[in-house]
Amino acid sequence: MNWLFAHLDAFRDSARRLLEQPLATLLNVAVFGIALALPSGFYVGLDNVARFSRQLTSEPQLSLFLTVDASRSDVSAIEDRLRRHDFVGDFRFVDRSNALEELSRASGMSDVLSELDENPLPHAFIVAGDTADPDLLEALRSEALTWPKVEHVQLDSAWARKLDAALRIGRLLVALLGVLLSIALVAVTFNTIRLQILTRRDEIEVSKLIGATNLFIRRPFLSLGGMQGLLGGGAAWLIVATAVRLLNHELAVFGDLFGLSPRLGLMSLHQT
């Protein structure tokens, strides 16, 4: 119980000293808040980009384009290969004539396409992978390229892998920035406490003369550093929350123009 009362006294003493110097306290809290808000804000941005990319990314698909001279027997052979493959979940055949009709309707160039001597589009297969493992899908793509009459295979989720790699690099940079700023904050806190010790040197010497222990003398300074850290963390959360709120307002206006509803979210409890 005495230990608890001692910490409460140290807490009250630290709070009183912070209130006695409001300008210095405000500046220290602002430095802490901005330094903590920078990596936190970047992390929130990366986390939201990753969340949006997962919403936009559908099931991994491969597009198999056959050669123009592929016959019906070649198509049947590839269908049989796909049906028996372990990594293929489902597939759909796109006839070249149907593809030309869809292109004509979608592009609005029906007059131009109708003047072509022959259909330039090949037969194709839209293949849904039975797995989301990018390595297995890449292996399926490489294998399909060796099949007869297969001219090109496109992995539609390749852009998602590139985005994921970019996000990993971004997270690493944010972690490095957070470590560097944390070291800087420790140095600032140490310097602040050192200045407090120098200004109270006479008081500390008198306290030691009357029998105060080192722990008793250190306790108020530790409380002071802890309170500054907590206030700085609160300021950082307030800065990030305000920025997210302002950005959500602008994103709502932007989303209305395109029929979207993008919204940024803050870090969850386990992320903080």
Side-chain angles (χ1 to χ4, degrees), residues 45-114 116-171 251 255 257-265 268 270-271:
L46 290 173
D47 185 65
N48 281 279
V49 169
R51 181 163 55 85
F52 290 151
S53 68
R54 287 193 296 268
Q55 292 176 356
L56 295 175
T57 305
S58 59
E59 292 297 322
Q61 290 185 339
L62 291 90
S63 300
L64 277 66
F65 299 97
L66 310 186
T67 58
V68 179
D69 61 344
S71 63
R72 285 292 177 179
S73 60
D74 297 325
V75 172
S76 299
I78 294 176
E79 283 183 352
D80 186 60
R81 286 175 181 267
L82 293 173
R83 193 173 292 110
R84 291 184 288 105
H85 204 285
D86 294 334
F87 299 156
V88 174
D90 193 13
F91 63 89
R92 177 172 60 89
F93 173 67
V94 180
D95 187 86
R96 55 185 302 191
S97 58
N98 294 335
L100 183 63
E101 292 177 2
E102 292 180 6
L103 178 62
S104 177
R105 288 195 300 268
S107 63
M109 298 187 299
S110 57
D111 296 337
V112 176
L113 295 176
S114 62
L116 296 176
D117 295 333
E118 61 180 9
N119 187 354
L121 299 180
H123 296 305
F125 285 92
I126 307 299
V127 181
D130 192 35
T131 175
D133 190 332
D135 295 330
L136 295 179
L137 292 174
E138 190 64 36
L140 174 59
R141 176 183 178 275
S142 300
E143 180 185 347
L145 283 171
T146 64
W147 295 349
K149 298 299 181 179
V150 174
E151 185 172 9
H152 178 67
V153 180
Q154 178 180 340
L155 182 57
D156 297 336
S157 61
W159 70 272
R161 296 186 62 185
K162 296 176 182 178
L163 178 61
D164 184 65
L167 289 174
R168 285 199 300 269
I169 295 175
R171 291 190 185 98
L251 284 174
L257 300 175
F258 297 93
L260 302 174
S261 57
R263 184 173 180 82
L264 300 177
S268 59
H270 77 277
Q271 290 173 324

- Task: Look at the rings of His123 and Phe93 and say which category their plane angle falls in: under 30° parallel, 30 to 60° tilted, over 60° perpendicular.
- Result: tilted

From [atom1] ([X]) to [atom2] ([Y]), nearest 0.5 Å:
X	Y	atom1	atom2	answer
Leu140	Leu82	CG	CG	8.0 Å
Asp90	Arg83	CG	CZ	10.5 Å
Leu66	Phe125	CG	CZ	6.0 Å

- Item | Asp74 side chain vs Ser71 backbone, donor-acceptor pair below 3.5 Å | yes

For Phe91, the ring pair (Phe, Tyr, Trp, His ring centres under 6.0 Å) test, sequence neighbours excluded, returns none

Residues at least two apart in sequence or cross-chain that pass ring pair (Phe, Tyr, Trp, His ring centres under 6.0 Å) with His85, listed by chain then number, are Phe87

Result for side chain to side chain contact (heavy atoms under 4.5 Å, CB included) between Leu64 and one of Val153, Leu145, Val94, Ile126 points to Val153

Note, Pro148 side chain near Arg81 side chain (heavy atom, < 4.5 Å)
yes

